[in-house]
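Proteins come first, then strands; the chains are lettered A, B, ... in the order of their sequence lines, and each starts at number 1.
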2 protein chains.
Amino acid sequence: MSFNEKQTDILLAAEKLFSTQGFDSTSVRDIATEANVNVAMINYYFGSKDGLLDSFFEWRIPDFMIDTEELSFMECSLEKIDKMIEKYIKAMNSHREIYRFIAIESSLKRRMLLSEPFSKLKIHNLSTISTIINEGIAKGVFSANNNPTLIHSMMMGTFMNFQMNQVFLQEQLGIESDDDYGIYIETTLTHFIQTTIKALLTYEISM
Amino acid sequence: MSFNEKQTDILLAAEKLFSTQGFDSTSVRDIATEANVNVAMINYYFGSKDGLLDSFFEWRIPDFMIDTEELSFMECSLEKIDKMIEKYIKAMNSHREIYRFIAIESSLKRRMLLSEPFSKLKIHNLSTISTIINEGIAKGVFSANNNPTLIHSMMMGTFMNFQMNQVFLQEQLGIESDDDYGIYIETTLTHFIQTTIKALLTYEISM
DNA sequence: GTTTAATTTAAACAAGTGTTTAAATTTGCT
DNA sequence: AGCAAATTTAAACACTTGTTTAAATTAAAC
């Protein structure tokens, strides 16, 4: 599904407001004003406010799909783990606020139907890391008894925690600007997650 | 601050609705109906809907404070880490839905003022783990170059990820009921986090 | 028992919500 | 150019929102 220019204007406006205020406290009039269009255009193009959210998910979620192309050529090793994690964090960090918004909205029971594309994304990304880890275990490169689902949860959770507690963590870590925070995520935090997972995969008495 | 019986009725009703629907999409009339009180009582006792949220934070957040009493008598060791993590997860898992709600609401920029008590909680809990880890590093029990803030983020994030993706993870892990999910968190997930942190603290080339 | 204060109620308030309508305008096509 | 379809508009719709009001009821104090 593709969107025309006016639809994209609306989606961009919605993105800005959704990610800072959440879905419920953003009105269609707010979105219309931000996008410089008439209120009725939102219903004209997306049917309803919920339809807009639906389209928003469709529109943005592909950005968070991990590209497995490059990884498929690599031999199974700790370096491959490093590379994969780097790709993961980069993909999610490129649209930080939006990822947080999607994760929050799809966690509310009321919006379970809308979270289906998000579920698809999670399955895809989980299978990417699972394949690599299971292959490494099979080849004896990584220690057994490692649960890929738990490792994946740990990685995603650590990243998400940085999204949801930005104000708190910026202060704790002495980071001045939002840009620096993004850089911190792509360097120090990425390295931390890499270290953690490698520590687990080489930890003998693991689990 | 303490609350009378009627106020507690309202808070319990709000808790139920907030945690499943979020703050914005829960109306004061919904809460009043659920609590079997007149709508005006909410404004009478809490001033406003925002005031209710404020009181809700005050009311529930103390439950998530880690009790450091027992830990203070323990010698610094990996066992102490295990014990601390167990206490952490137990405290948060005892009111899972509510912790998720608090974390989500205070992550929205609009509600930063209201999240101050939550910030206090995070500082308290972070300092608990920081103290133990730093002590261990100083004594040479744990490997240096470990950042307590990052380890704390990892632990909290992993737990939160389990709250926010319950539907997805229940399916992935083949867990049938909500109760079993809670049990999984207090056993397998707790053990995983313990293992991960111990792996990090004993990982030589760490960071 | 009377009076004062606290509680509870139903009704109304004004503002905001998502959505629809029907007319106006623009666009694309022959 | 003329016609039909698509787009855009302002206005209205019906409904919900949080909050307030003023009267009614209950509780507490003397």
**Student:** Could you walk me through whether A/Phe56 and A/Phe101 satisfy the ring-ring contact (aromatic ring centres under 6.0 Å, His included) test, starting with their C-alpha distance in whole Å, then the side-chain angles of each, then the deciding distance to 0.1 Å, before giving a yes or no?
**Tutor:** CA-CA 11 Å; A/Phe56 180 79; A/Phe101 166 72; 5.6 Å; yes
**Student:** Within this structure, what is the CG-to-P distance between A/Asp9 and D/dT7, rounded to whole angstrom?
**Tutor:** 14 Å
**Student:** Got a sec, which residues hit ring pair (Phe, Tyr, Trp, His ring centres under 6.0 Å) with B/Tyr88, two or more places apart in sequence or on another chain?
**Tutor:** B/His152
**Student:** side-chain contact (heavy atoms from CB on, under 4.5 Å) with A/Thr33: which residues, sequence neighbours excluded?
**Tutor:**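 Per chain and number, A/Thr33 pairs via side-chain contact (heavy atoms from CB on, under 4.5 Å) with no residue.
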**Student:** To the nearest angstrom, how far is A/Leu17 atom CG from C/dG18 atom P?
**Tutor:** 12 Å
**Student:** Determine, step by step, whether B/Tyr99 and B/Phe64 satisfy the ring-ring contact (aromatic ring centres under 6.0 Å, His included) criterion, reporting the C-alpha distance in whole Å, the side-chain angles of both residues, the deciding distance to 0.1 Å, and the verdict.
**Tutor:** CA-CA 8 Å; B/Tyr99 190 88; B/Phe64 301 114; 5.1 Å; yes
**Student:** Between the side chains of A/Glu97 and A/Lys16, is the shortest nitrogen-to-carboxylate-oxygen separation below 4.0 Å, so that they form an ion pair?
**Tutor:** no
**Student:** In whole angstroms, how far is the P atom of C/dA11 from the OH atom of B/Tyr44?
**Tutor:** 21 Å
**Student:** Check the distance between D/dT19's P and B/Tyr45's OH and give it to me in whole angstrom.
**Tutor:** 17 Å
**Student:** Let me check something: any side-chain donor-acceptor pairs from residues 155-174 of chain B under 3.5 Å, sequence neighbours excluded? List them with distances.
**Tutor:**
unit_1: B/Thr158; atom_1: OG1; unit_2: B/Met154; atom_2: O; d: 2.6
unit_1: B/Asn161; atom_1: OD1; unit_2: B/Asn165; atom_2: ND2; d: 2.9
unit_1: B/Asn161; atom_1: ND2; unit_2: A/Ser153; atom_2: OG; d: 3.1
unit_1: B/Gln163; atom_1: NE2; unit_2: B/Phe159; atom_2: O; d: 3.4
unit_1: B/Asn165; atom_1: OD1; unit_2: A/Lys122; atom_2: NZ; d: 2.7
unit_1: B/Asn165; atom_1: ND2; unit_2: B/Asn161; atom_2: O; d: 3.3
unit_1: B/Gln166; atom_1: NE2; unit_2: B/Gln170; atom_2: OE1; d: 2.9
unit_1: B/Gln166; atom_1: NE2; unit_2: B/Asp178; atom_2: OD1; d: 2.7
unit_1: B/Gln170; atom_1: NE2; unit_2: B/Ile175; atom_2: O; d: 3.2
unit_1: B/Gln170; atom_1: NE2; unit_2: B/Glu176; atom_2: O; d: 3.2

**Student:** Rounded to whole angstrom units, what separation is found between the NZ atom of A/Lys6 and the C1' atom of C/dT26?
**Tutor:**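 Computing the A/Lys6:NZ to C/dT26:C1' distance gives 11 Å.
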**Student:** Quick one: does NZ or CZ of A/Lys6 land under 6.0 Å from the six-membered ring centre of A/Tyr44, within 45 degrees of the ring axis?
**Tutor:**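 Not flagged: A/Lys6 not positioned over aromatic ring of A/Tyr44.
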**Student:** Specify the separation, in whole Å, of atom CG of A/Asn43 and atom P of D/dC13.
**Tutor:** 18 Å
**Student:** Sugar-phosphate atoms are those with a prime plus P, OP1 and OP2; base atoms are the rest. Using that split, label each nucleotide of nucleotides 22-29 of chain D B, S or - for protein heavy atoms under 4.0 Å, 5' to 3'.
**Tutor:** --------
**Student:** Judged by atom type as modelled, is there a donor-acceptor pair below 3.5 Å linking the side chain of A/Asp9 to the main-chain atoms of A/Asn36?
**Tutor:**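 Looks like no, no N/O pair under 3.5 Å.
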**Student:** All N/O contacts under 3.5 Å from nucleotides 12-17 of chain C to the protein, with atom names and distances to one decimal?
**Tutor:**
none

**Student:** Could you check whether any side-chain N or O of B/Asn134 sits under 3.5 Å from a backbone N or O of B/Ser130, counting only pairs where one atom can act as donor and the other as acceptor?
**Tutor:**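 Checking the backbone N and O of B/Ser130 against the side chain of B/Asn134, a donor-acceptor pair under 3.5 Å is found.
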**Student:** Kindly determine whether A/Lys90 and A/Glu86 satisfy salt bridge (charged side-chain N to carboxylate O under 4.0 Å, His left out), including the steps that lead there.
**Tutor:** CA-CA 6 Å; A/Lys90 270 232 175 75; A/Glu86 192 193 314; 3.4 Å; yes
**Student:** Kindly indicate whether a cation-pi arrangement holds for A/Lys49 with A/Phe23, taking the cut-offs as under 6.0 Å to the six-membered ring centre and within 45° of the axis.
**Tutor:** yes
**Student:** Could you list by number each residue of residues 33-42 of chain A showing a heavy-atom separation from DNA chain C of less than 4.0 Å, or answer none if no residue does?
**Tutor:**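 Those residues whose heavy atoms fall under 4.0 Å from DNA chain C, taken from residues 33-42 of chain A in numerical order, are A/Val39, A/Ala40.
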**Student:** Atom CZ of A/Phe46 to atom C1' of D/dT7: distance rounded to whole Å?
**Tutor:** 14 Å
